[in-house]
Participant: 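Dropping a structure here in structure tokens format, bear with me for questions.
Quantities reported herein were computed from a predicted structural model and do not represent experimental measurements.
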Amino acid sequence: MSVIIAGTGSYLPEHVITNADFESFLDTSDEWIVGRTGMKERRYSDVEPTWKLGEHASRKALEAAGIDPMDLDMIICTTVTNDYAFPSCACMVQGALGAKNAFALDCVAACAGSVYGFDMARRYLQFDDVKTVLLVACESLSQVANFEDRNSCILFSDGAGAAVLRKGDGYYGASIHSDPDGAQHLYYKHPRRGTPFYPADAVFEGEPFIADPLGALVMNGKEVYKFATAAMPEAVEEACVRAGVAPDKLDMVLPHQANQRILETAAKRLGLPMEKICLTIERYGNNSSASVMICLDECVREGKIKTGDAICLVGFGAGLTYGAVTLEYKDS
Ligand code: ACO
């Protein structure tokens, strides 16, 4: 069983942050950022909450699919930057859409989230009580970035992408993994408030990761880079084997946009020219799980993927998580 991608949508907040904007308060340069990451601009949501970004993208996906929110059976939202610890971001999007017949839940797998969510949707679609799933990835990494760390803050951004998914036929293969041994290389720790009976600043002795004093994410860029350059092609290869497609026969790869150099290294290993790797990184930076869904939407709308094409969605991120899904693209 495979999945039909009945409609896609995306939303990028209006506020453009250029590399020059970072030069005003950090020891960095446009030349360094473009050369080491491929990024020129990114978008920040400012006051708009994460669920709102998700709502915008979802409405476009529903419109493209030609369906009413009431037709949705399930909403999977992928985010690491939910505005609320509870309710879930999926419930917030559900409420905004008025998708009263759906049940909604979040899938938290960092930048691999939308790939995890895609595969999760396919598994639910195997049963007759779920016929139409909205997968929405929405993120506001600007809200957890460390603006005193030039290694990391220049990378991250905000945005959302969505797709309406239904049961379909055609080939499908997934490769979904997590490796907690590398978790210390990328994390964001919630502060503890303490209680009237115990102080907030007490530290549990077995706590593996120390919270950043600024309340921001912590990243070891070199280690994440090493992990990503190996994990990305590995996941694509495994998903392709399971789908019965040779990696060099893929028509389009829709990858998480972490660093252009990671994508170039992976393309080389997979025997694919860069034209077959969707790139939005120059314009949007790294908006975590949203980036794969934004790639999907742009490729569908620009006619870069057509019915019958072999496509591969691939992501990797905190956890460490990584995964890929290879399938025959069909929209009906
Ligand atoms: N501007 C100028 N100089 C910088 C900057 C900057 N913004 N950032 C780092 N440098 C300096 C470093 O301090 C270092 O200087 P030094 O040699 O004097 O110590 C020098 O540049 C080289 O630093 P490296 O860390 O070796 O640079 P590298 O080429 O590895 O690039 C980067 C760093 C971009 C962070 C890279 O390691 C990377 O992309 N890693 C993956 C990060 C990532 O993808 N994270 C998220 C993925 S998962 C998710 O999306 C949640």
Side-chain angles (χ1 to χ4, degrees), residues 1-10 61-62 64-67 73-74 76 78 107 112-128 130-137 161-177 232-256 263 266-267 269-280 289 291-315 322-332:
M1 193 208 108
S2 188
V3 170
I4 287 168
I5 301 173
T8 62
S10 59
L62 290 167
I67 68 160
D73 300 311
M74 178 183 192
I76 301 172
T78 73
C107 167
S114 44
V115 177
Y116 270 59
F118 197 96
D119 193 55
M120 204 166 141
R122 174 181 174 265
R123 289 170 194 274
Y124 272 95
L125 286 165
Q126 292 188 24
F127 296 93
D128 284 342
V130 175
K131 292 193 167 49
T132 309
V133 178
L134 172 69
L135 171 63
V136 51
V164 174
L165 306 177
R166 290 209 172 109
K167 187 190 287 196
D169 53 14
Y171 55 79
Y172 182 99
S175 160
I176 305 288
H177 297 277
M232 187 192 152
E234 187 187 313
V236 174
E237 279 165 356
E238 191 169 60
C240 283
V241 167
R242 290 178 179 169
V245 176
D248 63 355
K249 293 287 180 288
L250 286 168
D251 294 298
M252 189 58 80
V253 177
L254 311 161
H256 172 47
L263 303 184
R269 175 162 150 192
L270 294 166
L272 286 166
M274 282 308 282
E275 301 83 74
K276 296 205 169 175
I277 310 288
C278 175
L279 288 178
T280 58
S289 70
S291 74
V292 170
M293 301 303 287
I294 293 168
C295 282
L296 177 64
D297 182 48
E298 289 206 354
C299 284
V300 167
R301 284 175 191 268
E302 290 168 14
K304 289 184 182 162
I305 50 184
K306 308 170 297 298
T307 302
D309 278 358
I311 64 168
C312 181
L313 285 64
V314 55
Y322 58 107
V325 161
T326 296
L327 75 157
E328 180 177 352
Y329 174 72
K330 289 183 181 181
D331 61 6
S332 60

Participant: Could you walk me through whether R122 and Y172 pass side-chain contact (heavy atoms from CB on, under 4.5 Å), step by step?
Facilitator: CA-CA 10 Å; R122 174 181 174 265; Y172 182 99; 3.1 Å; yes

Participant: Please examine the side chains of Q126 and K167, heavy atoms only from C-beta on, and report whether any two atoms are closer than 4.5 Å.
Facilitator: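 Not touching, per the 4.5 Å side-chain cut-off.
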
Participant: How about R166 and I67: do any of their side-chain heavy atoms sit closer than 4.5 Å?
Facilitator: yes

Participant: Would you check if the side chain of D297 reaches a backbone N or O of G9 as a donor-acceptor pair within less than 3.5 Å?
Facilitator: yes

Participant: Contact between L125 and V133 at the side-chain level, heavy atoms closer than 4.5 Å - yes or no?
Facilitator: yes

Participant: What are the two closest heavy atoms between A137 and T78, and how far apart are they?
Facilitator: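 Minimum heavy-atom contact is CB-OG1, 3.1 Å.
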
Participant: Could you tell me the separation between the CG atom of D309 and the CD1 atom of I311, rounded to the nearest 0.5 Å?
Facilitator: 8.0 Å

Participant: What pair of heavy atoms forms the shortest contact from C107 to G113, and how long is it?
Facilitator: SG-O, 3.9 Å

Participant: Can you sort out the partners of Y124 under ring-ring contact (aromatic ring centres under 6.0 Å, His included), two or more places apart, ordered by chain and number?
Facilitator: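 Y124 satisfies ring-ring contact (aromatic ring centres under 6.0 Å, His included) with F103 once adjacent residues are dropped.
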
Participant: Sequence neighbours excluded and cut-off under 3.5 Å, please list the side-chain donor-acceptor pairs for residues 232-254, or say none.
Facilitator:
from	atom 1	to	atom 2	distance (Å)
E234	OE2	Y322	OH	3.4
E237	OE1	R269	NH2	3.0
E238	OE1	S175	OG	2.7
E238	OE1	H177	NE2	2.6
E238	OE2	R242	NH2	3.3
R242	NH1	A174	O	2.9
D251	OD2	A310	N	2.7

Participant: State whether the side chain of K306 and the backbone N or O of G303 hold a donor-acceptor pair below 3.5 Å, judged by distance alone.
Facilitator: no

Participant: Would you say L165 and T132 make side-chain contact, with heavy atoms under 4.5 Å?
Facilitator: no

Participant: Taking only distance into account, with no hydrogens and no angle test, what donor-acceptor pairs under 3.5 Å do side-chain atoms of residues 323-332 form with protein atoms, sequence neighbours excluded?
Facilitator:
from	atom 1	to	atom 2	distance (Å)
K330	NZ	D169	OD1	2.6

Participant: Between V292 and S114, which heavy-atom pair has the shortest distance, and what is it?
Facilitator: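 So the two residues come closest at CB-OG, 3.5 Å.
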
Participant: Rounded to the nearest 0.5 Å, how far apart are CE of M74 and NZ of K131?
Facilitator: 14.5 Å

Participant: Out of curiosity, I76 CD1 to M120 CE, how far, rounded to the nearest 0.5 Å?
Facilitator: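 Interatomic distance, I76 CD1 to M120 CE, rounded to 0.5 Å: 4.5 Å.
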
Participant: Atom CG in L263, atom CG in L272: separation rounded to 0.5 Å?
Facilitator: 12.0 Å

Participant: Counting only heavy atoms from other residues, nucleotides and ligands, does the tally under 6.0 Å from CZ of R301 exceed 12?
Facilitator: yes

Participant: Write down the atom of S291, the atom of P255, and the distance for their closest heavy-atom approach.
Facilitator: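 Minimum heavy-atom contact is OG-O, 4.2 Å.
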
Participant: What is the minimum heavy-atom distance between M293 and A162, and which atoms define it?
Facilitator: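 Nearest pair, atom of M293 first, then A162: CE-C, 3.9 Å.
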
Participant: Check whether any side-chain heavy atom of I176 lies under 4.5 Å from a side-chain heavy atom of V115, and answer yes or no.
Facilitator: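 A side-chain contact exists here, since the closest heavy-atom pair is under 4.5 Å.
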
Participant: Within this structure, what is the OG1-CD1 distance for the pair T8 and I294, rounded to the nearest 0.5 Å?
Facilitator: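 Result: 11.5 Å between the selected atoms.
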
